[in-house]
2 protein chains.
Amino acid sequence: MANTDVDEALTALQSRRIRMTPQRRTILTYLVTHHNHPTVETIHEALEQTTPNMSLATIYNTLKLFVDLGIVIELANGEDGVHYDYYSKPHYHVICTNCGKIADVFYPDFQKDAKKMENEAAQQTGYQITGNRFEIYGLCTDCQKKNASKGK
Amino acid sequence: MANTDVDEALTALQSRRIRMTPQRRTILTYLVTHHNHPTVETIHEALEQTTPNMSLATIYNTLKLFVDLGIVIELANGEDGVHYDYYSKPHYHVICTNCGKIADVFYPDFQKDAKKMENEAAQQTGYQITGNRFEIYGLCTDCQKKNASKGK
DNA sequence: GCCAAAGTTAGAATCATTTTAAATCGTATT
DNA sequence: AATACGATTTAAAATGATTCTAACTTTGGC
């Protein structure tokens, strides 16, 4: 249930002594209940209706906090700035290089494979690993069609 | 040899009918002979000595071209903008979240593992895969020491 | 309920990247 | 080797996402 997800995340924040503000709760709830890989702008516009006057700076601050806490991840994206994703189940992303559309990819051993890459990194470099970012790039099905039809 | 690497890359460009300009040759040579994960600024400063008056816009344009051609990859990096890497042997990167230092990670099956992730992505989403980006984040050994000594 | 520390706000500032328009260059074709 | 045209380069200006600032407000422990 989406609601327990929010509660879970809130509990996680409390246990880390993070102050709970209405803004943080609102942004967290938005992220948990929307899997649309929003940008800062997307979030700002979406919340404008229900919570006017929320500063862009607050959204930037809050997202940075969540990323540092590891409950949200950043997705780089050429076209229109950074996208964010509430990271519950381990997965990675495919990003369309033409239109920027983002899709999720899940498979059973992904976490194992990711850990392997992290372990290799730790062993070879001595870095103390804190996170990762896996992105695949390609053309989405829509953009494939568009390219084909314009005879490219 | 560094030189054959440059020649190889030049041949690759020629076969794709990419015009060869002195600027492109210079930047390509810099990338092939330096594995320092430079930013645009780093490249600009380094080339200032040997090639004054090279415009920043040209460096941006050229790097974008090389990335599109797949011979160079982008590395996201919080602190100081985007870094670039001439991508000869398959590998991925560990990035220090504190100081931004970047290290390479190689292991025998990496390419196989990366392909697996690409294939999963293609099957699940129908995207036509053109590239990927794998980054691990952590604290480099220097920053671990600094943190420890200041009793953090 | 009080208070210090932490968070929020609106607007200004920053700075990496992109755009512009004019000048120059690379190369395919004679 | 000369021509012509599209592609590339340049410097400067414009853009726009993100960060900073300073004043104000809120949170949570006592």
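Letters go in sequence order (proteins before strands), and every chain restarts at 1.
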Colleague: How many whole angstroms separate atom CZ of A:R25 from atom P of D:dT26?
Modeller: 15 Å
Colleague: Starting from P on D:dT9, measure out to CG on B:L63 and report it in whole angstrom.
Modeller: 11 Å
Colleague: Within a reach of under 6.0 Å around CD of A:Q124, are more than 12 heavy atoms found that belong to other residues, nucleotides or ligands?
Modeller: yes
Colleague: Just one of B:L65, B:L13, B:V32 clears the side-chain contact (heavy atoms from CB on, under 4.5 Å) bar with B:I71, so which one?
Modeller: B:L13
Colleague: May I have the distance from A:M20 (atom CE) to D:dT25 (atom P), rounded to whole angstrom?
Modeller: 22 Å
Colleague: Return no unless some side-chain N or O of A:Y60 is found under 4.0 Å from OP1 or OP2 of D:dT19.
Modeller: no
Colleague: Let me spell it out: for each of B:E41 and A:T58, pick the nucleotide of DNA chain C with the closest heavy atom. Which residue's pick is nearer the 5' end?
Modeller: A:T58
Colleague: Of the nucleotides D:dT26, D:dT10, D:dT18, which one has an atom closest to the side chain of B:N61?
Modeller: D:dT10
Colleague: For the pair made of CG in B:L65 and P in D:dT8, what is the distance, rounded to whole Å?
Modeller: 7 Å
Colleague: Quick check: does any side chain N or O of A:Q144 sit under 3.5 Å from a backbone N or O of A:L139, one acting as donor and the other as acceptor?
Modeller: yes
Colleague: Roughly, in whole Å, what's the span from CZ in A:R19 to C1' in D:dT26?
Modeller: 8 Å
Colleague: To the nearest angstrom, how far is B:L13 atom CG from D:dT8 atom P?
Modeller: 11 Å
Colleague: Side-chain N or O of A:Q23 versus OP1/OP2 of D:dT26: is the shortest distance under 4.0 Å?
Modeller: no
Colleague: Can you measure A:L56 atom CG to D:dT19 atom P for me and round it to whole angstrom units?
Modeller: 12 Å
Colleague: Does the pair B:E118/B:K116 count as a salt bridge with the N-to-O cut at 4.0 Å?
Modeller: no
Colleague: Quick one: is B:T21 getting a side-chain N or O under 4.0 Å of the D:dT9 phosphate, OP1 or OP2?
Modeller: yes
Colleague: When you measure from the side chain of A:P22, which nucleotide among D:dT18, D:dA7, D:dT27 comes out closest?
Modeller: D:dT27
Colleague: Is a donor on one side and an acceptor on the other found under 3.5 Å between the side chain of A:R16 and the backbone of A:L69?
Modeller: yes
Colleague: What's the CZ-P distance between B:R24 and D:dT10, to the nearest Å?
Modeller: 11 Å
Colleague: For the pair B:Y92 and B:F110, name the ring-plane relationship: parallel under 30°, tilted 30 to 60°, perpendicular over 60°.
Modeller: tilted
Colleague: Is there a side-chain contact between A:K64 and the phosphate of D:dT18, meaning an N or O under 4.0 Å from OP1 or OP2?
Modeller: no
Colleague: Under 6.0 Å between ring centres, would you say that holds for A:H93 and A:H37?
Modeller: yes
Colleague: Could you give the start and end, 5' to 3', of the contact zone on DNA chain C for chain A, using atoms under 4.0 Å from its heavy atoms?
Modeller: C:dA5 to C:dA10
